[in-house]
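Because only heavy atoms are used, hydrogens play no part in the values below, and waters and symmetry mates are left out as well, while side chains stay in. On a predicted model such as this, the values are computed, not experimentally measured, just so you know. All chains are named by letter (A, B, ...) in the order of the sequence lines, taking the proteins before the strands, and each is independently numbered beginning at 1.
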Number of protein chains: 2
Amino acid sequence: MKRRNTPTKEAVLSVITKSGQAMSQDAIEGEISIDINRATIYRVLNRFCEDGVLHKVIAEDSKQYFALCDGCDETHQKHQHFHFKCTVCETLECLPNEVNYSIPSGYHVEHVNCVLTGVCKKCS
Amino acid sequence: MKRRNTPTKEAVLSVITKSGQAMSQDAIEGEISIDINRATIYRVLNRFCEDGVLHKVIAEDSKQYFALCDGCDETHQKHQHFHFKCTVCETLECLPNEVNYSIPSGYHVEHVNCVLTGVCKKCS
DNA sequence: GTTTAAAAGCGACTATGTCGCATTACTAGG
DNA sequence: CCTAGTAATGCGACATAGTCGCTTTTAAAC
Ligand SMILES: [Mn+2]
Ligand SMILES: [Mn+2]
Ligand SMILES: [Zn+2]
Ligand SMILES: [Zn+2]
């Protein structure tokens, strides 16, 4: 199961990196120069998530958005920060603000998905 | 646009109330005694959301879950509490714990969607 | 260069949710 | 109680997101 370097992987990662935001599959396909199959894009994205390169966020539009992991090793950080989805420019970004939650005892949290929706700084 | 009372509305609300949890369309359809069209169930649910009877949560499975609003009038409370989705029993419940977020200035938040995923108290 | 297995392409498929339109059935007014 | 008006339902079609199996291609190890 060793990863290989492919033009597809590089292209996908480059588009996300340049955007500076979280991106959905269709946004990536739209921005990318070469033609990549939809299923392939999803497979590339999911592999990046497995490898701790990207993390996945579910927004209120029920779509998956993929964002760069910023200095988090898989085992420790769980991407417990807020995300912001702007209804005007449609972008989704990672916020620096951490999610601090407390839950009743007996519950075991494995993933956190917190998305705030509204109007972003630029669009205000 | 005045609402009417129909058997469908009552049946849907009754199923959700009895369950004590947030429910998806397919779960509702499965639990309900009478036969109701899928599109109709969604329309009923969305009307309840407009009327402040239910609120909608997007879980990590990208599905919509609908939960009873507990003493919140539409204008004030924004359902800013955490939700918990159990990966074992597949249920999604509203937690009493409030979401306290701080975001960079310039951002205007309209909706909050926070879901914790893991194993619930019962399934632990 | 050969080998081999990971990755890509393609098509089909599932699932969720929405929409338009014809039909049904609440409910208010008489 | 009847009737008219319109909200709500059923049905079918549709859109979109995401996945899967299978074949072909290709990275990279030897
Ligand atoms: Mn993030
Ligand atoms: Mn809730
Ligand atoms: Zn914006
Ligand atoms: Zn459970």
*Length of the line joining A:R47:CZ and D:dG18:P, which is rounded to integer Å*: 17 Å
_For B:H83 and B:H55, take the angle between the two ring planes, folded into 0 to 90°, and tell me which bin it lands in: parallel under 30, tilted 30 to 60, perpendicular over 60._
tilted
*Rounded to whole angstrom units, what separation is found between the NZ atom of A:K63 and the C1' atom of C:dG17?*
14 Å
_Shortest side-chain distance from B:T40, nucleotide among C:dC10, D:dA28, D:dG10_ = D:dG10
*Indicate whether OP1 or OP2 belonging to C:dA7 is found under 4.0 Å from a side-chain N or O atom of A:N37.*
no
*Closer to the 5' end of DNA chain C via nearest nucleotide, is it B:Q25 or B:T6?*
B:Q25
_Measuring to OP1 and OP2 of D:dA29, would you say a side-chain N or O of A:K2 lies under 4.0 angstrom away?_
yes
*Would you say D:dT9 has OP1 or OP2 under 4.0 Å from some side-chain N or O of B:T8?*
yes
*Taking atom P of C:dT18 as reference, at what distance in whole Å does atom CG of B:D26 sit?*
14 Å
*asked:* Just the rounded figure in Å: distance from P of D:dT16 to CD of A:E90.
replied: 14 Å
_Worked verdict on B:F48 versus B:F66 for side-chain contact (heavy atoms from CB on, under 4.5 Å)_ = CA-CA 9 Å; B:F48 276 139; B:F66 297 85; over 6 Å; no
*In whole angstroms, how far is the C1' atom of C:dA6 from the CZ atom of A:F48?*
14 Å
*Side chain of A:R43: nearest nucleotide among D:dG18, D:dG21, D:dT9?*
D:dG21
*Take B:K9 and B:S62, find for each the nucleotide of DNA chain D with the closest heavy atom, and name the residue whose nucleotide sits nearer the 5' end.*
B:K9
*Where the side chain of B:R3 is concerned, which of C:dG17, D:dC20, D:dA8 is the nearest nucleotide?*
D:dA8
*Heavy-atom count around B:E31 CD within 6.0 Å, excluding the residue itself: above 12?*
no
*Measure the distance from CG on B:N46 to P on D:dA7 and round it to the nearest whole Å.*
17 Å
_If I compare all heavy atoms of A:I41 with all of A:E29, which pair ends up nearest, and what's the gap?_
CD1-CB, 3.9 Å
*Give the rounded distance in Å between these two atoms: CG of A:N5 and P of D:dA29.*
10 Å
*If you check the B:R4 side chain, which of C:dC26, D:dA27, C:dT18 turns out closest?*
C:dC26
*B:Q64 has an atom CD; how far is it from atom C1' of C:dG17, in whole Å?*
7 Å
_Within one Ile-Leu-Val-Met-Phe-Trp-Tyr cluster: A:Y42 and A:I58, side-chain cutoff 4.5 Å_ = no
*Is A:D61 touching bases, backbone alone, or none of the nucleic acid, heavy atoms closer than 4.0 Å?*
nothing
*Out of C:dC19, C:dA12, C:dC10, which nucleotide sits closest to the side chain of A:R38?*
C:dA12
*Are any of B:Y42's side-chain N or O atoms less than 4.0 Å away from OP1 or OP2 of C:dT18?*
no
